[in-house]
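Just so you know, ligand 1 is whichever comes first in the structure, and atom 1 is the first atom listed for that ligand. Since we're looking at a predicted model, the values are computed, not measured. The first residue of the sequence shown is numbered 1, and numbering continues consecutively from there.
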Amino acid sequence: MWYNFAFKLLAKGYVMTFKYLELRDSKYDERMAAEEAARCLLCVDAPCAKACPSATNPEQFISAMRAGDISAAAKIIRDSNVCGGACSLVCPADKLCEGACVRTAMDRPVAIRKLQQFVVEQEQALQLQVLDKTPVIHAAKVACIGAGPASLTVAAKLAQAGYQVDIYEAMPQAGGMMSYGIPPVRLNQELVDWDVKTVTDLGVKIKLNTKVGVDISLAQLEEQYKAIFIGVGLWSGRTAQLGERNLSGVISAVDFLVAARGSQGKDVVIPKSVAVIGAGDTGMDCAATAKLLGAENVTVFCRGAKVPAYHEELKFVQSLGINVATQFSPQQFLGDDAVHGIIAQHADGYSELKLKAELVIYAIGQNIDAGEAFAGVAIEGNKIITQDFQTSKAHIFAAGDATNGGSTVVQAVKEAKLAASAMLKFLAEE
Ligand SMILES: Cc1cc2nc3c(=O)[nH]c(=O)nc-3n(C[C@H](O)[C@H](O)[C@H](O)COP(=O)(O)OP(=O)(O)OC[C@H]3O[C@@H](n4cnc5c(N)ncnc54)[C@H](O)[C@@H]3O)c2cc1C
Ligand code: SF4
């Protein structure tokens with residue numbers, strides 16, 4: 001019966017969407033968190049704190065946890081990092097705080113990231129507002145462009161210093177790549193929304209669906225605001241065509257991930273066979289997304305012998321049954337109008353791989369999506385040029401992916417805190 005078939009399709013779609021949205025990491029309950037916190041040696045001059053780019057001090061928040069003061073623990077995290085929720089899931093902790101943990105030499109590092117996740121989730125469950133709110137005391141107003149981690153950090157710091165801050169965000173949702181790039185299997189939207197709320201609770205206003213350069217010009221912002229921060233990240237994906245024809249079905253990683261996450265996995269049609277070109281972290285996220293949304297065969301092409309992605313992400317995609325073809329470089333796409341296959345050549349110069357692929361996703365990096373929007377602000381290649389976070393226009397500042405060429409959430413937070421200090425100095429001198 002047709003309705004049986006339709007029901008099966010719907011059920012399959014539901015299961016796929018559910019798998020795509022389900023967070024893969026397990027959580028601590030209260031007992032597990034207490035046991036793990038008890039493993040911390042509460043080191044003096046803790047190396048874990050020195051290893052954190054955003055200067056979060058695990059020794060201090062773990063001490064507060066052990067004293068049963070979740071509010072104090074959450075405040076320690078938030079004061080140093082307003083994106084402390086997202087970072088508790090996506091920070092490369094083994095290279096940062098946990099990598100520096102003294103307990104590693106004894107048995108294994110304290111699971112700092114999971115303890116932070118526990119604190120932030122308790123903060124959310126109890127609806128705590130731990131950051132100090134300051135009334136607006138300055139006449140000068142500040143605008144931030146983009147509502148990713150960099151702008152959220154700057155906005156929080158300036159609002160806490162008594163400035164009215166308005167964020168202009170192109171997308172319908174705040175959070176930047178935390179809401180549109182990193183797949184929900186690694187970072188759930190509720191936690192990102194909670195991070196954003198800690199910033200709006202300080203009085204910061206976010207104007208969504210407002211792209212600077214399209215819906216409002218930089219010149220208009222310059223008339224209204226004494227200082228402006230650009231935190232627009234890298235939102236223009238790179239693609240290429242291999243062959244003479246311009247085939248459909250070849251898209252960039254950013255376009256693919258934004259379409260998937262922006263629609264909660266509902267608006268993307270995933271064919272049976274998908275190829276991903278590029279084996280960095282973004283390539284792994286694309287491959288996992290395609291697989292979790294229903295692709296049967298997913299192959300990631302990696303030019304070199306060593307996969308550049310974070311080992312945890314590589315392990316995850318392999319656990320999903322995704323093939324990673326190392327030392328294979330795609331040479332040609334097959335198809336008339338739409339791509340239906342790909343030919344790749346091995347580094348040995350002889351072996352060839354011919355695969356079916358009805359969707360090809362390029363994960364080879366992103367560019368800044370500036371166009372004419374930021375006329376007068378010096379941009380070179382993939383970066384806005386800054387000197388101590390000040391752009392070529394003295395009242396305009398920038399940080400995050402748009403200036404560092406693409407890094408991590410915690411790196412964007414670190415730079416944005418420094419940019420906020422530079423902006424406060426500039427505003428005080430005006
Ligand atoms: C697939 C993927 C996976 C990642 N995984 C991790 C990870 O596991 N761990 C980690 O720490 N980091 C990860 N990152 C990197 C991390 O997300 C970024 O480093 C971080 O989000 C950069 O913050 P940002 O504020 O500079 O820019 P973004 O987060 O990119 O935010 C920029 C914001 O500006 C908006 N915008 C752009 N142009 C305009 C305009 N003209 N007007 C108004 N708004 C505009 C955008 O819509 C966006 O909301 C990942 C990135 C990607 C793409
Ligand atoms: S280095 Fe490890 S043991 Fe020492 S304070 Fe930090 S988390 Fe605790």
*Strictly by modelled atom types, are K114 and S26 linked by a side-chain donor-acceptor pair under 3.5 Å?*
yes
*asked:* Just to be sure I read this right, does ligand 1 sit under 4.0 Å from the backbone of W235, its side chain, both, or neither, counting only heavy atoms?
replied: side chain
*Identity of the nearest option to atom 23 (O) of ligand 1, non-hydrogen atoms only, from S151, P149, G148*: P149
_Criterion side chain to side chain contact (heavy atoms under 4.5 Å, CB included) on D401 and Q366, from CA distance to verdict_ = CA-CA 10 Å; D401 277 7; Q366 291 106 245; 5.7 Å; no
*Can you establish whether the number of heavy atoms outside R303 located under 6.0 Å from its atom CZ is more than 12?*
no
_Identity and separation of the nearest protein heavy atom to atom 7 (S) of ligand 2_ = I112 CD1, 3.7 Å
*Mind checking the NZ-CG spacing from K211 to D369? Nearest 0.5 Å is all I need.*
4.0 Å
*Does the N or O separation between V212 and ligand 1 drop below 3.5 Å for any pair?*
yes
*How far is atom 17 (O) of ligand 1 from its nearest protein heavy atom, and which residue and atom is that?*
M177 CB, 3.2 Å
*asked:* Heavy-atom distances under 4.0 Å decide this one: backbone, side chain, both or neither, for Q411 against ligand 1?
replied: neither
*Structural part of P58 in contact with ligand 2, heavy atom criterion under 4.0 angstrom*: neither
*Do N404 and Q411 have side-chain atoms, one donor and one acceptor, less than 3.5 Å apart?*
no
*Out of curiosity, F256 CZ to L359 CG, how far, rounded to the nearest 0.5 Å?*
6.0 Å
*Which of the atoms of ligand 1 are close to G176, meaning less than 4.0 Å from one of its heavy atoms?*
29 (O), 31 (O), 48 (C), 49 (O)
_Working note: E312 + R24, criterion salt bridge (charged side-chain N to carboxylate O under 4.0 Å, His left out); need CA distance, chi angles, decisive distance, verdict._
CA-CA 12 Å; E312 229 179 86; R24 77 173 182 211; 3.8 Å; yes
*Say whether Y168 and D215, considering side chains only, have a donor N or O and an acceptor N or O under 3.5 Å apart.*
no
*Check each heavy atom of T210 against ligand 1 and say whether those closer than 4.0 Å belong to the side chain, the backbone, both or neither.*
backbone
*Please tell me if the side chains of V274 and K291 come closer than 4.5 Å, counting only heavy atoms from C-beta onward.*
no
*Could you check whether the rings of F397 and F426 sit parallel, tilted or perpendicular, using 30° and 60° as the cut-offs?*
perpendicular
_Distance check, rounded to the nearest 0.5 Å: Q390 atom CD versus S392 atom OG?_
10.0 Å
*How close does the nearest protein non-hydrogen atom get to atom 3 (S) of ligand 2, and which residue and atom is it?*
L41 N, 3.3 Å
*Is there a heavy atom in S407 that sits closer than 4.0 Å to ligand 1?*
yes
*Atom indices of ligand 1 within 4.0 angstrom of G233 heavy atoms, with elements*: 27 (O), 30 (O), 32 (C)
*Going by distance alone, is a donor N or O of one side chain under 3.5 Å from an acceptor N or O of the other, for E296 and S273?*
no
*Given D401, L89, V214, which has its nearest heavy atom closest to atom 26 (O) of ligand 1?*
D401
_What protein heavy atom lies closest to atom 1 (S) of ligand 2? Include the residue and the distance to one decimal._
V102 N, 3.4 Å
_Test item: M178 and C83 side chains (from C-beta on) under 4.5 Å apart, heavy atoms_ = yes
*asked:* I'd like to know whether CD of E35 has more than 12 heavy-atom contacts from other residues, nucleotides or ligands below 6.0 angstrom.
replied: yes
*For ligand 1, which atoms, with element, lie under 4.0 Å from some heavy atom of G400?*
26 (O)
*Contact between D369 and ligand 1, counting heavy atoms under 4.0 Å?*
no
_V409 N/O under 3.5 Å from ligand 1 N/O_ = yes
*Given T403, V232, V410, which has its nearest heavy atom closest to atom 39 (C) of ligand 1?*
V232
*atom 3 (C) of ligand 1 [closest protein heavy-atom partner, distance rounded to 0.1 Å]*: D285 OD2, 3.1 Å
*Can you list the ligand 2 atoms lying under 4.0 Å from a non-hydrogen atom of E59?*
5 (S)
*Picking from C48, C52, S88, C40, what satisfies side-chain contact (heavy atoms from CB on, under 4.5 Å) with I112?*
C48
_atom 44 (N) of ligand 1: nearest protein contact (heavy atom, Å)_ = A170 N, 3.1 Å
*So with a 6.0 Å cut-off around CD of Q127, is the heavy-atom count from everything else above 12?*
yes
*Numbering the atoms of ligand 1 from 1, which are under 4.0 Å from a heavy atom of A150?*
25 (O), 26 (O)
*More than 12 heavy atoms from other groups under 6.0 Å of CD on E430*: yes
_Distance check, rounded to the nearest 0.5 Å: F61 atom CZ versus K75 atom NZ?_
15.5 Å
*Tell me, which protein residue and heavy-atom name are nearest atom 9 (N) of ligand 1, and how many Å apart are they?*
V90 O, 2.8 Å
*Around atom 50 (C) of ligand 1, find the nearest protein heavy atom and jot down its residue, atom name and distance.*
I182 CG1, 3.8 Å
*Does even one non-hydrogen atom of D281 get within less than 4.0 Å of ligand 1?*
no
_Under 4.0 Å, counting heavy atoms only: does G231 come that close to any atom of ligand 1?_
yes
*ligand 1 atoms in contact with G181 (distance to a heavy atom under 4.0 Å)*: 1 (C)
*Name the closest protein heavy atom to atom 6 (Fe) of ligand 2, giving the residue it belongs to and the distance to 0.1 Å.*
C48 SG, 2.3 Å
_Which atom of V82 lies closest to which atom of T198, heavy atoms considered_ = O-OG1, 3.9 Å
_Tell me the protein heavy atom at minimum distance from atom 47 (O) of ligand 1, and give that distance in Å._
E169 OE2, 2.6 Å
*Protein heavy atom at shortest distance from atom 8 (Fe) of ligand 2*: C40 SG, 2.4 Å
*Just jot down the ligand 2 atoms closer than 4.0 angstrom to any heavy atom of C101, in number order.*
1 (S), 2 (Fe), 3 (S), 7 (S)
*For ligand 1, which atoms sit closer than 4.0 Å to a heavy atom of M171?*
47 (O)
*Verify the distance test for C43 against atom 4 (Fe) of ligand 2: any N/O/S atom under 2.8 Å, yes or no.*
yes
*asked:* How far is atom 8 (O) of ligand 1 from the closest protein heavy atom, and which atom is that?
replied: R186 NH1, 2.7 Å
*asked:* Looking at every non-hydrogen atom in both residues, tell me the closest pair between D388 and A422 and how far apart they are.
replied: O-CB, 3.8 Å
*For atom 1 (C) of ligand 1, find the nearest protein heavy atom and state the residue, atom name and distance (0.1 Å precision).*
L257 CD1, 3.4 Å
